[in-house]
Engineer: 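Quick one: structure below, then a few questions.
Chain letters run A, B, ... following the sequence lines, proteins first, then strands; residues in each count from 1.
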Amino acid sequence: MSGGNIRDDLTESMILKDVRILLSEYIPCDRNILEDIGNKLMSTRHVHGEFVTMLVDKFPESTTFTSESEINFVRVIDAANSEYIASEIKIQDPDDDSSIEQEETVGMYISHDGHVVYGAEIFETCGEETNINGVSLDKISRVVVDLIYDSSLMMETLLTHHQRRLMDCIYKGESRSRYKFVGMLASSMAPNFDDITQYMDGEEYQNELEQLLDNLIITHRLNDGSLLLVGDAGLILVSENWSKYESLVSFYALVRSAEMFVDGLYHRMSLLWDELAQVRILIEKTASGDHSVITRAQNILTEASANFTIIQSIGSYLKRGFALLKEKWLSEREGVDEEAVSVLNFQNTFDRLMNRISDTDIDLQSLSSEVEGLQTLLSTQIEQQMRRVYSALRDNTQSTSEVIRASERTGNVLNVIELILSGTIAFDIVLAITGEYSTDFHLFPESNPILFFTLAVTLWTAIVIVLKKGMDWLESKVEKSHLVRVTLNQKCDVAAIEEYLANKEIISIDEEFQDDSEDVRVHYILPSKGEDDTKVTLHYDRRNGIINDLTIEANSEYIGIAKEKIIKDLQSCFSES
Amino acid sequence: MQDEITEDMIKLLHIIHKYTLQEEKEKDPKWIKELPLATLIYKGIITGLFETYDYAPWSVQMLDGTRQWLNVSREAKDDLEDLLRLGLISILRLSTGNYGYITAYRVTPRGASFLSSASEEIKKTVNQLLYCNSEHLRFVEIQNRQFYLFCTACGIRERVSIDDLEDIPYKSRSYLPKYLGIGDLARGEKE
Ligand SMILES: [Zn+2]
């Protein structure tokens with residue numbers, strides 16, 4: 001074997017001469033995008049001819065630029081005001097084995113309708129001229145793979161940022177590995193069987209053909225003697241007169257590649273449905289009380305909405321592009337061999353693609369309403385959660401004031417101790433100034449120190465007990481007050497409520513006007529039999545006539561009775577419905 | 001039937017059999033999936049196990065729906081179809097969670113009885129590929145788009161270069177179809 005790093009012997013049973021590879025694919029494009037790409041390539045200049053590189057200058061301020069030794073060079077051949085750009089590209093794939101000599105020059109044509117054509121004439125393989133000695137199908141298969149891959153790499157450097165996002169969406173970030181339907185044109189092929197079923201031998205020949213074309217679908221000898229072999233992944237046209245079939249092969253390859261593109265789009269839409277289903281499940285969880293997942297739902301939905309926008313954009317590009325391409329094909333068709341068109345069943349294939357593209361609208365529309373619906377649903381949930389946070393905050397404020405009051409009472413206890421202490425100090429100071437002062441009066445005879453000591457201890461004990469009792473009494477008052485919150489959400493008669501409130505001792509009223517409600521919070525005191533008053537906060541919606549909730553703060557023993565009493569009073573305000 | 005079956009087909013059948021062998025009778029049937037099988041076949045070709053097989057780069061649909069270029073054997077695919085036609089293996093098509101499809105293979109009872117009468121010599125050479133040095137059956141592991149033969153008992157991984165595409169030297173010049181109406185394409189290159 002001559003050349004290459006092939007680890008296995010090739011079986012080279014079929015030899016082609018004068019081989020041209022024609023790859024066609026669809027890439028979302030429009031005139032503005034093409035203008036942008038043209039600027040990159042300096043295509044608007046009147047004189048074309050120089051090769052330019054597509055490298056990115058990371059230090060634009062510096063005077064010179066050091067390029068890598070192996071890069072792509074692009075030379076614009078022809079360009080028409082944002083309609084199309086045709087160029088010639090010298091490809092250097094940095095991943096290719098540098099010990100293997102490759103001179104890859106490829107023609108590239110991109111039109112504003114999204115049709116991209118890559119073309120290469122293979123004139124030498126393994127050091128042999130293909131026009132004279134021919135090239136085996138096995139070898140050419142490997143050349144084709146190299147071209148498919150390298151053309152994607154090269155295209156990547158030309159695409160705009162927006163196009164790259166669209167391509168990444170369709171091919172899930174692996175657009176470099178995308179497949180392109182292969183069109184191959186050759187002037188002759190050996191062996192040249194008269195009976196074309198011999199190519200479908202189920203063994204050697206068929207295997208070699210299917211290595212490039214995948215499952216063979218069509219083998220046909222056209223009237224002019226041309227041979228047409230079509231598989232799931234490519235086609236070979238062998239004809240002395242191959243140039244006659246160029247446009248058909250180019251359009252056929254485009255349509256077959258675009259089918260894969262639409263497959264990718266459909267696949268991406270299916271995944272989006274899955275993402276949206278996940279959001280729906282999370283929102284349902286939120287609605288049933290698990291609020292921990294709301295952020296996750298929000299993140300997935302944000303991502304999904306972004307993907308939807310991209311998918312929608314791809315759908316619009318596809319529809320626009322193929323409407324234009326259909327026109328183009330209709331005008332091109334006149335010069336094309338009718339027999340080949342019907343053997344390829346091209347009209348049906350094209351129509352089927354057009355129908356699939358228009359059918360994506362159905363999915364896009366329902367996706368759109370699902371995204372919208374979920375957004376509304378989620379924002380409702382978020383709003384409700386915020387309300388809950390707000391009311392929890394309000395209750396907390398009340399508990400906080402309760403704590404403050406409790407500490408005030410503790411402060412009272414401290415005040416008493418402070419008073420006693422200051423008295424003691426004052427006496428000490430007075431004694432220090434005046435010296436010990438004593439009278440002759442003695443309650444007990446001086447001669448009895450034991451009695452005196454006992455009396456002092458008793459007196460001290462008595463004072464301690466009195467103080468302790470006093471403090472306990474004060475502290476017990478601290479814990480007595482309780483808070484109960486009752487959610488009612490009952491329809492009510494607003495006039496009746498306001499009448500009920502009229503004879504209450506009202507501390508404050510908070511009113512909050514919203515688009516669809518008028519929230520009123522009335523804080524009032526109910527006189528009670530105990531030492532403490534019962535404090536009540538009544539929250540009702542004046543506009544819609546709803547009692548939302550009730551917060552009662554009272555003595556812990558009394559609070560149950562207070563709650564019952566207040567609710568009973570309020571029941572007279574409930575509407576019948 | 002005997003003369004229709006080549007040595008390579010027996011080897012292929014033996015590989016499938018080894019991986020789908022049931023330990024106890026009542027268990028549900030086991031299948032070997034397409035991609036791991038293709039990896040073993042590739043390894044078999046480059047080590048000289050399969051004499052009539054050849055491989056070429058092929059754009060293979062991966063489990064996540066993306067594509068990857070792998071060295072795949074057309075002849076092996078053809079032989080699998082023949083084995084199916086002869087009733088020696090059965091094929092299962094299953095869908096994955098993310099809208100992809102997997103093909104899986106297993107040996108039929110007929111295939112198993114055919115194998116039991118096949119040459120022990122052939123089976124031995126196949127086993128050299130499938131087993132590690134300590135006689136454990138190795139499994140195919142796919143991680144980060146790379147392929148390995150992995151022995152769980154020894155913890156040893158061997159990379160299989162199924163994704164290393166081979167280049168051949170060639171030269172091409174740019175070509176665009178005439179119908180596009182592009183001017184002088186090969187300026188200065190041709191003639
Ligand atoms: Zn082992």
Side-chain angles (χ1 to χ4, degrees), chain A residues 3-11 20 22 49 77-78 86 88-89 96-97 100-107 109 117 119-127 138-139 141-143 145-147 149 171-174 177-179 202-203 207-208 210-212 233 243 246-247 250 267 270-271 332, chain B residues 42 45-48 50-62 64-79 81-82 85 97-100 145 161 164-190:
Chain A
N5 56 358
I6 307 273
R7 287 174 283 264
D8 183 52
D9 287 341
L10 299 173
T11 48
R20 282 167 183 79
L22 195 56
I77 299 160
D78 194 0
E88 188 175 4
I89 296 166
D96 277 355
D97 189 342
I100 292 160
E101 198 197 350
Q102 286 188 351
E103 267 182 42
E104 222 177 323
T105 305
V106 176
Y109 164 92
V117 180
E121 184 188 338
I122 315 300
F123 67 94
E124 201 181 300
T125 50
C126 303
D138 228 342
K139 275 182 194 158
S141 304
R142 286 170 163 90
V143 173
V145 171
D146 204 51
L147 283 171
Y149 187 72
Y171 299 106
K172 299 193 199 65
E174 295 288 341
S177 299
R178 70 180 180 271
Y179 191 76
E203 293 301 327
N207 282 339
E208 208 167 326
E210 293 193 339
Q211 199 159 288
L212 178 72
S243 64
E246 277 178 329
S247 61
S250 170
H267 194 219
S270 307
L271 288 178
E332 206 59 55
Chain B
Y42 171 78
I45 296 171
I46 58 168
T47 54
F50 292 108
E51 282 143 29
T52 61
Y53 292 177
D54 185 5
Y55 59 85
W58 192 252
S59 167
V60 177
Q61 183 116 32
M62 302 297 281
D64 59 359
T66 62
R67 285 179 175 272
Q68 187 175 359
W69 288 100
L70 299 176
N71 291 309
V72 174
S73 172
R74 233 328 125 170
E75 292 81 2
K77 195 186 173 199
D78 188 43
D79 273 0
E81 266 157 35
D82 288 344
R85 193 170 39 80
N98 40 17
Y99 305 97
R145 301 172 86 81
S161 56
D164 276 1
L165 302 190
E166 294 152 355
D167 287 319
I168 62 162
Y170 73 92
K171 290 179 183 177
S172 71
R173 58 173 78 96
S174 65
Y175 146 73
L176 284 175
K178 274 186 214 76
Y179 85 94
L180 293 173
I182 309 303
D184 180 16
L185 187 63
R187 184 186 351 205
E189 297 265 315
K190 228 175 177 178

Engineer: Atom CZ in Arg67(B), atom OG in Ser177(A): separation rounded to 0.5 Å?
Structural biologist: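 The CZ atom of Arg67(B) sits 10.0 Å away from the OG atom of Ser177(A).
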Engineer: With side-chain hydrogen bond (donor to acceptor under 3.5 Å, both in side chains) as the criterion, how do Ser174(B) and Glu88(A) come out once you've worked through the C-alpha distance, each side chain's angles and the decisive distance to 0.1 Å?
Structural biologist: CA-CA 6 Å; Ser174(B) 65; Glu88(A) 188 175 4; 3.2 Å; yes
Engineer: Would Tyr175(B) and Glu246(A) count as a side-chain hydrogen bond (donor to acceptor under 3.5 Å, both in side chains) here? Give the steps.
Structural biologist: CA-CA 11 Å; Tyr175(B) 146 73; Glu246(A) 277 178 329; 3.0 Å; yes
Engineer: Would you compute the distance between atom CG of Asp146(A) and atom CG of Asp167(B) and round it to the nearest 0.5 angstrom?
Structural biologist: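 Answer rounded to 0.5 Å: 5.0 Å.
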Engineer: List for me each residue that meets side chain to side chain contact (heavy atoms under 4.5 Å, CB included) alongside Lys171(B), sequence neighbours excluded, and say none if there are none.
Structural biologist: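 Expected list: Glu101(A), Glu103(A), Phe123(A), Glu124(A).
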Engineer: What are the two closest non-hydrogen atoms of Thr66(B) and Lys172(A), and how far apart are they?
Structural biologist: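 Result for this residue pair: CG2-CB, 3.7 Å.
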Engineer: So that I can tick it off, tell me whether Glu210(A) and Lys77(B) are bridged by a salt bridge, with the cut-off set at under 4.0 angstrom between side-chain N and carboxylate O.
Structural biologist: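 A salt bridge is absent here (no side-chain N lies under 4.0 Å from a carboxylate O).
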Engineer: Is the shortest side-chain heavy-atom distance between Glu174(A) and Met62(B) below 4.5 Å?
Structural biologist: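 Result no, sub-4.5 Å side-chain heavy-atom pair not found.
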Engineer: Once rounded to the nearest 0.5 Å, what's the spacing between atom CG of Leu176(B) and atom CD1 of Ile77(A)?
Structural biologist: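 Leu176(B) CG to Ile77(A) CD1: 6.0 Å, rounded to 0.5 Å.
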Engineer: Where is the tightest heavy-atom contact between Asp78(A) and Gly181(B), given as atom of each residue plus distance?
Structural biologist: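 That would be OD2-O, 4.1 Å.
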Engineer: Distance check, rounded to the nearest 0.5 Å: Tyr55(B) atom OH versus Asp138(A) atom CG?
Structural biologist: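 Reported to 0.5 Å precision, the distance equals 10.5 Å.
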Engineer: Glu332(A): which residues meet the salt bridge (Lys or Arg N to Asp or Glu O under 4.0 Å) condition with it, sequence neighbours left out?
Structural biologist: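 So Glu332(A) forms no salt bridge (Lys or Arg N to Asp or Glu O under 4.0 Å) with any residue.
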Engineer: Measuring from atom CH2 of Trp58(B) to atom CD of Gln211(A), what distance do you get when rounded to the nearest 0.5 angstrom?
Structural biologist: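 One finds 8.5 Å between CH2 of Trp58(B) and CD of Gln211(A).
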Engineer: Can you tell me how far the OG atom of Ser172(B) sits from the CD atom of Gln102(A), to the nearest 0.5 Å?
Structural biologist: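 Nearest 0.5 Å value for the OG-CD distance: 9.0 Å.
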Engineer: Of all heavy-atom pairs between Ser59(B) and Tyr179(A), which one has the smallest distance, and what is that distance?
Structural biologist: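 What the structure gives for the nearest pair is CB-CD1, 3.4 Å.
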Engineer: Are any non-hydrogen side-chain atoms of Tyr149(A) and Leu165(B) less than 4.5 angstrom apart?
Structural biologist: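 They are not in side-chain contact.
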Engineer: At a heavy-atom distance under 4.5 Å, which candidate from Leu212(A), Ile122(A), Val143(A) has the highest pair count against chain B?
Structural biologist: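 Option with the top pair count is Val143(A).
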